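Okay, structure first, notes after.
Hydrogens, waters and symmetry mates play no part in the numbers below; they use all other heavy atoms, side chains included. Model, not experiment: these values are computed from the prediction. Chain naming here is simple, since letters A, B, ... match the order of the sequence lines and numbering starts at 1 in each.
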Protein chains: 2
Amino acid sequence: MELSCKSEYALLALIALSLHHAKGEPIRICQISAEQGIPDRYLEQLLATLRRGGFVKSQRGAKGGYLLTREPWKITLLDIVSCIEGFEAKAKELKSPQTVEGAVVCDLWKEVRQAAESVLEKCTLQDLVDNRNARQQIDLMYYI
Amino acid sequence: MELSCKSEYALLALIALSLHHAKGEPIRICQISAEQGIPDRYLEQLLATLRRGGFVKSQRGAKGGYLLTREPWKITLLDIVSCIEGFEAKAKELKSPQTVEGAVVCDLWKEVRQAAESVLEKCTLQDLVDNRNARQQIDLMYYI
DNA sequence: ATTATATCCCGGTTCTACGGTGGGGATTGT
DNA sequence: ACAATCCCCACCGTAGAACCGGGATATAAT
């Protein structure tokens, strides 16, 4: 389970897409990258991965951009992170332990991974958006 | 939180040290590396890190080797992994988020990390050793 | 004292992934 | 036609992982 900058960028982009999702209009890469401070050419790659993962669809040409394919509450964060971090993580698991000690540590690893994944599994993209809106309310109160 | 091969090697080495801990005799690097299938020169580096972290002490010269400095039940796995994966992980936290969305994702990251760390925190080196012994019993039963 | 044994410490090498950049091509609304 | 926008492929620099060598140093046995 990796929690790299990559996954963070992907979540930020999907939050941005969720916020505009009601309108039904596509959002441009450069718009997201400007709002969230993500290098646009890098974001492009991540959105391509998310598109292949079936989370977003793209519309090419003028007035084009990206759209969510599903409602934000139908996407768990584990789905997203798994897509971004790739499936070669599964390949790493395949190295079956040769010793008793190796098996014990392997079990421990699975337990830790499970703990992390359960957090991501319980949380949907909509939950993140709700958190964002709640936090923005708080910030506004301080501003007044 | 990284769960790399590095940490796995370190845990295996410390399990091996725990198993021989009662005798009070030091164990050589080459013995551990042979038992656990760890490249000896690499293991040397990891044991040096663990020594600087205060988990093991070394005895140089003939009949030398490594020894645990504390009892296995006084060492949590979080202690070990934190020592091995380094403290620059804390530096990564320092990048305070610039946007509301960034803050939300940062909170999520902390939550995931906390979940993983709590698993490691609850488990001591002795627990690992006990698991190992229990598993070996099972293997023996199948063998008979 | 000498020697064998072991760690210690310095360095180098190879490989992979991450974060990021660039160029050219395909598609689409106006 | 044209501009806007995504698509694809390739590249670069850096960092860390995993690993290897060589020599210095400390210790025990002789």
Side-chain angles (χ1 to χ4, degrees), chain A residues 1-13 17 20 24-34 36-53 55-69 81 83-92 95, chain B residues 1-13 17 20 25-34 36-53 55-69 81 83-89 91-92 95:
Chain A
M1 180 61 45
E2 301 292 315
L3 294 181
S4 59
C5 187
K6 245 170 118 174
S7 296
E8 187 168 341
Y9 285 166
L11 289 183
L12 291 175
L17 287 174
H20 297 79
E25 299 170 354
I27 317 175
R28 283 163 291 151
I29 285 179
C30 67
Q31 187 176 343
I32 300 174
S33 77
Q36 302 296 331
I38 305 172
D40 53 351
R41 308 301 257 107
Y42 192 44
L43 179 59
E44 182 188 315
Q45 291 177 36
L46 301 180
L47 282 171
T49 303
L50 291 173
R51 181 173 50 83
R52 285 188 285 269
F55 299 97
V56 299
K57 59 187 169 187
S58 61
Q59 185 172 336
R60 303 171 76 166
K63 292 270 181 181
Y66 282 90
L67 291 152
L68 284 183
T69 55
V81 172
C83 171
I84 286 295
E85 303 297 345
F87 310 101
E88 71 280 8
K90 287 193 175 182
K92 285 188 178 178
K95 51 169 181 179
Chain B
M1 180 63 43
E2 299 293 314
L3 294 181
S4 60
C5 187
K6 246 170 118 174
S7 296
E8 186 168 344
Y9 285 167
L11 289 183
L12 291 174
L17 286 175
H20 297 79
E25 299 170 355
I27 317 174
R28 282 164 293 153
I29 286 180
C30 65
Q31 188 175 344
I32 300 174
S33 77
Q36 302 297 330
I38 305 173
D40 52 351
R41 308 302 255 110
Y42 192 43
L43 179 58
E44 182 189 318
Q45 292 176 32
L46 301 180
L47 282 171
T49 303
L50 291 174
R51 181 174 50 83
R52 284 188 286 268
F55 298 97
V56 300
K57 59 187 169 187
S58 63
Q59 184 172 336
R60 301 173 77 163
K63 293 270 181 181
Y66 283 89
L67 292 150
L68 283 184
T69 54
V81 173
C83 171
I84 286 293
E85 303 296 346
F87 311 101
E88 71 280 9
K92 285 188 179 179
K95 52 168 181 177

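With sequence neighbours excluded, the residues that form a ring pair (Phe, Tyr, Trp, His ring centres under 6.0 Å) with B:Tyr9 are B:Tyr42. Scanning for side-chain contact (heavy atoms from CB on, under 4.5 Å) contacts around A:Arg60 gives an empty result, with sequence neighbours left out. Under the side-chain contact (heavy atoms from CB on, under 4.5 Å) criterion, A:Lys57 pairs with A:Leu67, A:Thr69, sequence neighbours left out. By the side-chain hydrogen bond (donor to acceptor under 3.5 Å, both in side chains) test, A:Glu44 is found to be paired with A:Arg41, residues two or more places apart in sequence or in another chain being considered. Checked against side-chain contact (heavy atoms from CB on, under 4.5 Å), B:Ala34 has no partners two or more places apart in sequence or in another chain.
Nucleotide C:dT7 holds its C1' atom 12 Å from the CD1 atom of B:Ile32, rounded to whole Å. In this structure, CG of A:Asp40 is placed 11 Å from C1' of C:dG22, rounded to the nearest angstrom. Remark: C1' of C:dT16 and CD of A:Glu85 are 15 Å apart, rounded to the nearest angstrom. Going from atom CG of A:Leu46 over to atom P of C:dC18 covers 10 Å, rounded to whole Å. Put simply, CD on A:Glu8 is 13 Å from C1' on C:dG19, counting in whole angstrom units. Put simply, OH on B:Tyr42 is 18 Å from P on C:dT13, counting in whole angstrom units. A:Ile84 places its CD1 atom 16 Å from the P atom of C:dA17, with the value rounded to the nearest Å.
Rounding to the nearest 0.5 Å gives a distance of 10.0 Å between OG of B:Ser33 and CG of B:Leu47.
For C:dG20, the OP1/OP2 oxygens have a side-chain nitrogen or oxygen of A:Tyr9 closer than 4.0 Å.
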B/S/- along nucleotides 4-12 of chain D (protein heavy atoms under 4.0 Å) is BBBBB-B--
